[in-house]
Structures are given as structure tokens and as C-alpha cells.
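The shown structure was predicted, so the numbers you read here are calculated from the model rather than taken from an experiment. Counting convention: from 1, in listed order, for ligands and their atoms alike.
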Amino acid sequence: MEDRILVTSATLPEYDEYINEIKSIWDNHWLTNMGVKHKELESNLKDYLKVDRISLFANGHMALELLLQAMDIKGEVITTPYTFASTTHAIVRNGLTPVFCDIREDDYTIDVDRIESLITPETSAILPVHVYGNICDVEAIEDIAKRHNLKVIYDAAHTFGVEYKGRGIASYGDASMLSFHATKVYNTIEGGAVCFSNEMLGEKLYQLKNFGIKNEEVVNGIGANAKMNEFSAAMGICNLRHVDEQIELRKELTMVYREQLSDVPGIRMCNEQKDVKHNYAYMPIYVDPERYGHNRNELFEYLAGHNIHARKYFYPITSAFECYEGRFDPSLTPVASKTSHNILTIPIYPTLGVEAVTRISKHIAEFAVK
Ligand SMILES: *Cc1c(COP(=O)(O)O)cnc(C)c1O
């Protein structure tokens, strides 16, 4: 049997580096509630991400859920169903109605040409996703939002460190949510953040992640508990020192994939976007069953037979989830629906190595019907 390859592998600093980072916690006994490590990480990330303000959270999902609450979003939110469960759930859990917009065929981000036809008097915000690290058409979205007086909130869970025209991607829109989950390009074990520019929003987010507590005697918000603890922040401080190096390794592996898969009929990959500094977070391949000779599910099984574990990410689209049965109509977003049936996310992580990428590419190529 060939060696087992999983779709991703969580990044860790050297053991000693982390142990050294958490030593001071034994001196001050400050384990959570916006401690020393938390403050240091906030400051480091603000610089690295090139954003005005940042608020750290226990995870990306709670960051997004509480962000919608903090911004007092009402009614309908235009979003995409081609995403992780979190995006849609955060909208619904706030008592809001997601209105699903279809995606583009080339980079799977929201199709900006279809947004305006979905706007109603109830619409209050647009919540697009920078999916796989590909960025949305932020300029067109800003233009639409301005003309219709809508808020723009990005799910930027996939775009850690991505820049557009030299600007941090999380600085676009009214606010962006980032995820620092173990499986992402950059992790704090579990963790997340909201990047924003309005100072007032910072205060609200701070309260909502801490039970709505204003001060010792005043609780003026119906908050949750979503604070990042000191051990997570310490992991984040360590991982941030190495993230550029890791993105470089991801880039090298992506180039090898692109070269080795470029001639395989029926396999389509994403291209570099103009003026974008990418993070190479994922390696999605679109399998055209007519030209490839096999469908996505057959390729998934074939790779599994060679001990290569890819993921059907994203499948199904969120509007087709069992929990939303009868509530949304997945056929209204045909591109998203079709993509979810044909997409396969193949392994990529910094330590995967060129040899493994070559082996995976070889198996994908040999399974094509000549
Ligand atoms: C990972 C992810 C989230 C949620 O982040 P967590 O930190 O795991 O809570 C939200 N949206 C997208 C697109 C994601 O991939």
C-alpha cells in the first residue's frame, strides 16, 4: 500500500518554541480574558494583515455570528451557498434570511453581475466569501453596496495574508471575518478574528464576546462567550513567525500541480488573479466528466484506493443541507450546484513535498480516459 496522504495537515511550530512561549503563563496565572499573549497577538496580526483594527475570537464562526449581531444587521443578507456551513448558519442563527446569489465559473466567488437583481427593500447587507483564497470582485461589490446603502461583510476565512493591490484583503468592506482553525493556512489551534475600521464596532465586539459585560456592574448586551485564550494566542504568536515561509512552500507545490495537471483533459484548476498576492490555501480541481471520462466521485474513490484522501469541498451547497430542507431552493444557483458536484479539493500543505504532489498528479492523469 502506498503511504497515506490526507487533504491537509495542521501546522505546528517547533515544540520548544511553543513551550518557551507559554512559560510566562505559569508566572502570571493569566489563562484567558484578554491577557498578555492576546494583546501581543492582536498587535502582531494588525501589522501583518495591514488592517486598522482587529478583534480576536475563540473561533471564526463565533466571530462572524457576533459580528452580524454587533452591526445590527436586519432582514435579508445576500450571500453564496458555495461555502462552509458556518457562513449560512451565522446568518440564520441571527434570525436573518440568506438570499443566495450564484457564483462565477472561473474562481467560484460570488457573481457580482447577479447581486443587484436580488436586492429588495428588506436587504441590509452583502456577505460574500473569498473562497479557496480567491478574492471576490471587491471593487464591484463596494460600488453596489454604496449605491444601495448596504453593509459589506466578508467571510475571509480562506484568505489569511492575501493582498489585493498591496492592501490587506481584510481591510475591504465594513468588516471581514478570519478563521484560525487548525486546518487553515494559519492557526491558533482554534481561533478567529474580525477586522474592521469603525472604532465603535470594536467596543461592541469586545462586549459581545464577553457576555455583553460593559463593566463590573453594567451588562448592556446579550452577549456570548467567544474569547481567545492565552494558549491559543501563544500558538498564534509562534505560527505567525513562520507563515510566510509556509505560504512560499504552498506556492511551490501549487506550481508543480499546475504544471503536471495542465495537460490532463477535463481537469480545470484556478488561475492566479490579477494584482493578488495569494496564500495557496487550497487546491481545488474541477472534474469535467465528459472530457475526463470519469466523474468527481469516481476520481475521489480512485485516489482513495491509492491511499490519497481528497475532499468533496464544498458539497453539498449550504442551501441543500438537510437542516434547511424546504426552506431554500438549490436550483436557483445552478453554477454553485453544478460546481459542488464536480469539484474535488486535493491535498496541499507546506510539508507535503514535491514527490507526493507528483504521485497524486500521476494518479489523476492515469485515470483519465484517453
Ligand atoms: C473555517 C471556515 C469558517 C469557520 O471558521 P472556524 O474557525 O472553524 O469556526 C467559516 N467560513 C469558512 C468559509 C470556513 O472555511
Just verifying a value: how many Å separate R359 CZ and I364 CD1, rounded to the nearest 0.5 Å?
11.5 Å
Close side-chain approach of Y82 and T339, heavy atoms under 4.5 Å:
yes
Could you list each N/O atom of ligand 1 together with any protein N/O atom closer than 3.5 Å, one pair per line with the distance?
unit_1, atom_1, unit_2, atom_2, d
ligand 1, 5 (O), S179, OG, 3.2
ligand 1, 7 (O), G60, N, 2.8
ligand 1, 7 (O), S179, OG, 2.7
ligand 1, 9 (O), G60, N, 3.3
ligand 1, 9 (O), H61, N, 2.8
ligand 1, 11 (N), D155, OD1, 3.4
ligand 1, 11 (N), D155, OD2, 2.8
ligand 1, 15 (O), H158, NE2, 2.8
ligand 1, 15 (O), K184, NZ, 3.2
ligand 1, 15 (O), Y313, OH, 3.4

Contacts table for residues 201-213: side-chain donor-acceptor under 3.5 angstrom, sequence neighbours left out:
unit_1, atom_1, unit_2, atom_2, d
K209, NZ, S55, OG, 2.9
K209, NZ, L56, O, 2.6

For S171 and R167, test the side chains for any donor-to-acceptor distance below 3.5 angstrom and give the result as yes or no.
yes
Quick check on E105: does its CD atom have over 12 non-hydrogen neighbours (other residues, nucleotides or ligands) under 6.0 Å away?
no
Whether K39 side chain and M34 backbone form a donor-acceptor pair below 3.5 Å:
yes
